[in-house]
Amino acid sequence: MIVAGKFFAENGTIRPADHFKTPSGSFIQVYEVLRVINGKVLFREEHYERFSSSIRIAGLQYDLSPDSFFSQLHELIKVNAVSIGNIRIDLTLENGETSLLFYFIPHHYPSPGEYKLGVKADLLYAMRKNPQAKIVQQQLRDRANNMIREKHLYEVLLVDNDGYITEGSRSNVFFIKDGYFYTPPVASVLPGITRMKVMECMLLEGLKCVEKTVPEQEISAYSAAFLTGTSPNVLPLSRIGKVSFNVDDPLLRKIQSGFDRFIDEYLEQQ
């Protein structure tokens with residue numbers, strides 16, 4: 001893992017970035033990625049709850065209070081003097097020892113052109129283990145990254161053994177048809193923070209969203225599709241495989257602009 005910035009935090013202690021070490025043997029690792037905008041952490045409370053849940057699901061033991069979690073985020077932002085970026089948090093069990101790391105990572109946010117014209121995705125026939133927790137699954141990540149690179153994609157969508165689309169390799173996915181939003185049920189996907197907040201925004205905007213399984217063979221029946229995630233926010237999909245979608249669907253654009261306002265209002269209250 002590449003560290004961005006001059007400092008990282010290890011078990012509550014600030015250290016120079018050149019002291020950072022990645023696990024080299026057999027290990028179990030849960031992680032979380034948070035976005036910093038104008039020096040403020042977006043949805044930090046929800047990220048804390050999901051990180052704590054991932055720790056429990058992975059069977060790890062670590063006493064991390066909300067105050068400690070938030071203070072380490074604040075200190076990392078302060079010592080690195082960073083106002084925009086992504087922070088990754090790792091809890092790793094290796095050789096019987098547990099370590100907690102907070103550090104900035106290189107980030108890539110979609111360009112204005114990608115938000116306007118949409119991005120391309122394709123299907124990857126693979127399933128996460130324990131989809132409810134952010135646990136490192138390197139083989140799956142490597143397969144996804146290789147496919148993204150070889151096909152010049154933005155993302156790949158995972159398809160389970162029953163032929164249902166579940167989620168992206170690092171995002172959640174929504175579809176639009178006949179005035180409704182559709183997204184795979186939360187029980188079968190990583191419960192993305194952005195996914196949850198987008199659905200809250202839909203309620204505020206008076207929009208209707210249905211959680212249902214989406215067979216890969218039926219995606220052409222949907223008029224539009226988009227990704228949600230820490231870095232992309234709400235990002236239109238122009239194509240999934242050979243199936244094209246309308247990136248200018250009015251409902252898609254309504255939730256895209258509505259979620260931007262939702263974020264602005266959240267940051268104003270911090």
Side-chain angles (χ1 to χ4, degrees), residues 1-17 20 30-55 62-91 100-112 114-115 133-134 168 170-172 174 190-205 226-235 253-270:
M1 183 62 64
I2 299 175
V3 178
K6 295 181 179 180
F7 301 97
F8 72 101
E10 181 178 22
N11 298 324
T13 301
I14 298 296
R15 302 188 185 281
F20 187 90
V30 299
Y31 69 101
E32 193 72 21
V33 177
L34 305 87
R35 186 164 178 172
V36 177
I37 303 176
N38 298 331
K40 300 177 181 178
V41 180
L42 191 62
F43 309 136
R44 64 176 193 168
E45 296 85 0
E46 290 80 1
H47 280 287
Y48 168 77
E49 292 296 334
R50 187 173 67 178
F51 189 58
S52 299
S53 176
S54 293
I55 292 172
Y62 199 88
D63 184 16
L64 179 63
S65 69
D67 287 345
S68 176
F69 185 86
F70 301 150
S71 65
Q72 290 188 67
L73 287 171
H74 175 75
E75 185 65 17
L76 187 69
I77 293 170
K78 180 181 177 181
V79 297
N80 283 286
V82 172
S83 60
I84 295 175
N86 285 359
I87 293 175
R88 175 162 166 147
I89 307 170
D90 295 337
L91 181 67
L100 179 68
L101 303 178
F102 286 66
Y103 55 102
F104 278 96
I105 57 175
H107 62 272
H108 168 72
Y109 302 138
S111 67
E114 288 175 317
Y115 281 117
K134 287 183 78 73
R170 63 194 76 197
S171 64
N172 292 108
F174 287 77
L190 179 73
I193 304 301
T194 307
R195 173 189 184 275
M196 177 178 66
K197 292 300 181 179
V198 165
M199 293 176 76
E200 288 181 19
C201 186
M202 288 174 178
L203 287 175
L204 294 174
E205 296 284 337
F226 60 91
L227 303 172
T228 62
T230 298
S231 291
N233 286 341
V234 174
L235 181 61
R253 293 304 181 185
K254 183 173 183 177
I255 193 59
Q256 188 180 45
S257 60
F259 189 63
D260 287 342
R261 292 193 301 272
F262 189 86
I263 290 176
D264 290 340
E265 291 170 2
Y266 175 90
L267 294 174
E268 287 176 0
Q269 297 171 5
Q270 299 307 301

If you measure from [atom1] on [X] to [atom2] on [Y], what distance do you get to the nearest 0.5 Å?
X: Phe226; Y: Asn172; atom1: CZ; atom2: CG; answer: 10.5 Å
X: Arg88; Y: Leu76; atom1: CZ; atom2: CG; answer: 14.0 Å
X: Met196; Y: Glu46; atom1: CE; atom2: CD; answer: 4.5 Å
X: Ile89; Y: Phe51; atom1: CD1; atom2: CZ; answer: 5.5 Å
X: Leu100; Y: Asp63; atom1: CG; atom2: CG; answer: 11.0 Å
X: Glu10; Y: Phe20; atom1: CD; atom2: CZ; answer: 8.5 Å

Could you work out, with ring pair (Phe, Tyr, Trp, His ring centres under 6.0 Å) as the rule, every residue matching His107, not counting sequence neighbours?
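Applying ring pair (Phe, Tyr, Trp, His ring centres under 6.0 Å) to His107 gives Tyr109.
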Partners meeting ring pair (Phe, Tyr, Trp, His ring centres under 6.0 Å) with Phe7 (sequence neighbours left out)
none
Please test Asn233 against Tyr115 for side chain to side chain donor-acceptor pair (under 3.5 Å), starting from the C-alpha separation and ending with a verdict.
CA-CA 10 Å; Asn233 286 341; Tyr115 281 117; 4.6 Å; no
Could you tell me whether the side chain of [Y] reaches within less than 4.5 Å of the side chain of [X], counting heavy atoms only?
X: Val36; Y: Phe104; answer: yes
X: Glu32; Y: Ile193; answer: yes
X: His74; Y: Arg44; answer: no
X: Val234; Y: Phe174; answer: no
X: Glu75; Y: Ser71; answer: no

Give the minimum heavy-atom separation between [X] and [Y], together with the two atoms involved.
X: Tyr48; Y: Pro66; answer: OH-CD, 3.3 Å
X: Gln72; Y: Ala9; answer: OE1-CB, 4.2 Å
X: Thr230; Y: Thr194; answer: N-OG1, 3.5 Å
X: Phe69; Y: Phe102; answer: O-CE2, 3.8 Å
X: Pro106; Y: Ala4; answer: N-CB, 3.8 Å
X: Phe43; Y: Ile263; answer: CZ-CG1, 4.4 Å

Has [X] got a side-chain atom pairing as donor or acceptor with [Y]'s backbone, closer than 3.5 angstrom?
X: Asn80; Y: Lys6; answer: yes
X: Glu114; Y: Ser111; answer: yes
X: Ser68; Y: Leu64; answer: no

